[in-house]
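Read the structure below first, then the notes.
Quick note on labels: first sequence line is chain A, next is B, and so on, each numbered from 1.
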Amino acid sequence: MPDNFAGRLLEWYDQHGRHDLPWHHNRNAYRVWVSEIMLQQTQVTTVIPYFNAFMRRFPDARALAEAPEDDVLSHWSGLGYYARARNLQKAAKTVMAEFGGEFPQDQDKLESLTGIGRSTAAAILTQAFGKRAAILDGNVKRVLARYHAVPGWPGQTSVLNRLWEYAEQHTPHDRVRDYTQAIMDLGAMVCTRTRPQCDSCPLQADCTAYARGEATLYPGSKPKKAKPEKTTWMVILEDSQGRIMLERRPPSGIWGGLWSLPELDPAFGADELQDACERKLGIACETPQLISGFRHTFSHYHLHIQPARLRVHGSHVVADSDNLRWLHRDEALTLGLPAPIRTLLTDAEQAALL
DNA sequence: AAACCGGGGTG
DNA sequence: CACCCAGGTTT
């Protein structure tokens, strides 16, 4: 490139970049990989404690591959995107079985691992192995969309392809590891979504969007769609010993594989819950006590959660099974729970309802 | 309330 | 290939 994009970025990085993050120490493919997956969905400051706890419990691919899935999910609880945690473990098993416990140093082989795509594979290649590869995460998309004034939403294939072309063009042959960290840091620290610090930017002189005074117009925003409203009953079934019943959700879909409260069709009226529990779960209960409902928003719909507490007759308790467990609240809170369910159980404690 | 986000899955 | 989906945090 004639404009020395990488050179200016590296010069900035040497002075202002982040050089001391936990995954920069004992750097290896496993640590880079886990940090990249966590960083896909969460900011650095939030990731750090999760990353450190995860590394203590699962120090390498073998430990992760051999761990019970519940253990992995509980270390992910609160981060969201639980499918990524399951993919992480699945890939760790593949690394053990197919690659003898060593991460391959090859873009295609890395991409064959579940949960690793083009950008994550490139991050591992550059950060762990010092090989040349172009990344394109959210930060890099923003930097490039502004620098080249690329119009449109990056979720659209044509826009994404243009950004990948620029990403490839700018990636240097030397110091590629530092360059990759540098462009991610610039996006996170200077070329931010709102209020970018253009006056501190090493790329200002050649940034097309800046020249037009339109930095924040890039990248283009996602076309918006109305979110439907859904409703569900969530029942807190409590037995004579004060234990509550948790149900493991199906492996895919919302909160896949997490432990949650049993749900009942919102078509049931409050006066029909007792009967519904008896028929659907085979559990005889006393009359329900309604707890104030709340709304949880997902990326594509709103869910109104109406909790109800039902005491169970001691003699009719169903046994634990693979997907059903009676647990005291403290035990329940150690499992992988969806954030709103964790809040509900915690708040219910504060309100002395349980 | 809306934006954000890399990759899996599906049509 | 093009689109939809996931879920908690930040703005």
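Listed here is the closest heavy atom pair of A:R132 and A:P172: NE-O, 3.3 Å.
The nearest heavy atom of DNA chain C to A:T157 and to A:L337 marks one nucleotide each, and the one closer to the 5' end goes with A:T157. Both A:Q43 and A:N161 lie close to DNA chain C; mapped to their nearest nucleotides by heavy-atom distance, the more 5′-ward contact belongs to A:N161.
Looking at A:K93 and A:E69, no side-chain N of the basic residue comes within less than 4.0 Å of a carboxylate O on the acidic one, giving no salt bridge. Between A:R243 and A:E331, no side-chain nitrogen of the basic residue sits less than 4.0 Å from a carboxylate oxygen of the acidic one, so the salt-bridge criterion is not met. Using a 4.0 Å cut-off between a side-chain N of Lys or Arg and a carboxylate O of Asp or Glu, A:D206 and A:R8 qualify as a salt bridge. The existence of a salt bridge linking A:E272 and A:R279 is excluded, since no basic side-chain nitrogen approaches an acidic carboxylate oxygen closer than 4.0 Å.
For B:dG7, neither phosphate oxygen OP1 nor OP2 lies less than 4.0 angstrom from any side-chain nitrogen or oxygen of A:Y81. For B:dG7, the OP1/OP2 oxygens have a side-chain nitrogen or oxygen of A:T120 closer than 4.0 Å. Residue A:T194 places none of its side-chain N or O atoms closer than 4.0 Å to OP1 or OP2 of C:dT11.
Checked against the 6.0 Å centroid criterion, the rings of A:Y147 and A:Y166 do not qualify as a close aromatic pair. For A:W233 and A:F268, the ring centers sit 6.0 Å or farther from each other. Ring pair A:Y301/A:F298: centre-to-centre distance below 6.0 Å.
Taking atom CG of A:L258 as the reference point, atom C1' of C:dG7 lies 10 Å away to the nearest angstrom. Put simply, CZ on A:R193 is 13 Å from P on B:dA2, counting in whole angstrom units. Between A:H296 atom NE2 and C:dT9 atom C1' there is a gap of 11 Å when expressed in whole angstrom units. Between the C1' atom of B:dG7 and the CG atom of A:L88 lies a distance of 13 Å, rounded to the nearest Å. Protein atom CH2 of A:W76 is 12 Å distant from nucleotide atom P of C:dG7, rounded to whole Å. Atom CZ in A:R295 sits about 15 Å away from atom C1' in C:dG7, given to the nearest Å. For the pair A:Q40 CD and C:dC5 C1', the interatomic distance rounds to 15 Å; values are reported in whole Å. What separates CZ of A:R342 from P of C:dG7 is a distance of 15 Å, to the nearest Å.
The residue A:G78 sits close only to the backbone: its heavy atoms come under 4.0 Å of sugar-phosphate atoms, none of a base. If you check every strand for non-hydrogen atoms under 4.0 Å, A:R195 touches nothing. As judged by a 4.0 angstrom heavy-atom cut-off over every strand, A:I254 is placed among residues touching the sugar-phosphate backbone only. Within the 4.0 angstrom heavy-atom criterion, base atoms lie near A:R84.
Straight-line distance between the P atoms of C:dT9 and B:dG7: roughly 22 Å, to the nearest whole Å. Comparing C:dG7 with B:dG9, their P atoms are spaced 14 Å from each other, to the whole Å.
Taking a 6.0 Å sphere around CZ of A:R162, one finds it holds more than 12 heavy atoms contributed by other residues, nucleotides or ligands.
A:E11 and A:Q15 are not linked by any side-chain donor-acceptor pair at a separation below 3.5 angstrom, with hydrogens and angles left out of the test.
For DNA chain C, none of the residues of residues 128-145 of chain A falls under the heavy-atom distance limit of 4.0 Å.
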Is there any protein nitrogen or oxygen under 3.5 Å from a nitrogen or oxygen in nucleotides 8-10 of chain B, and what are the pairs?
residue	atom	partner	partner atom	Å
B:dG8	OP1	A:G115	N	2.6

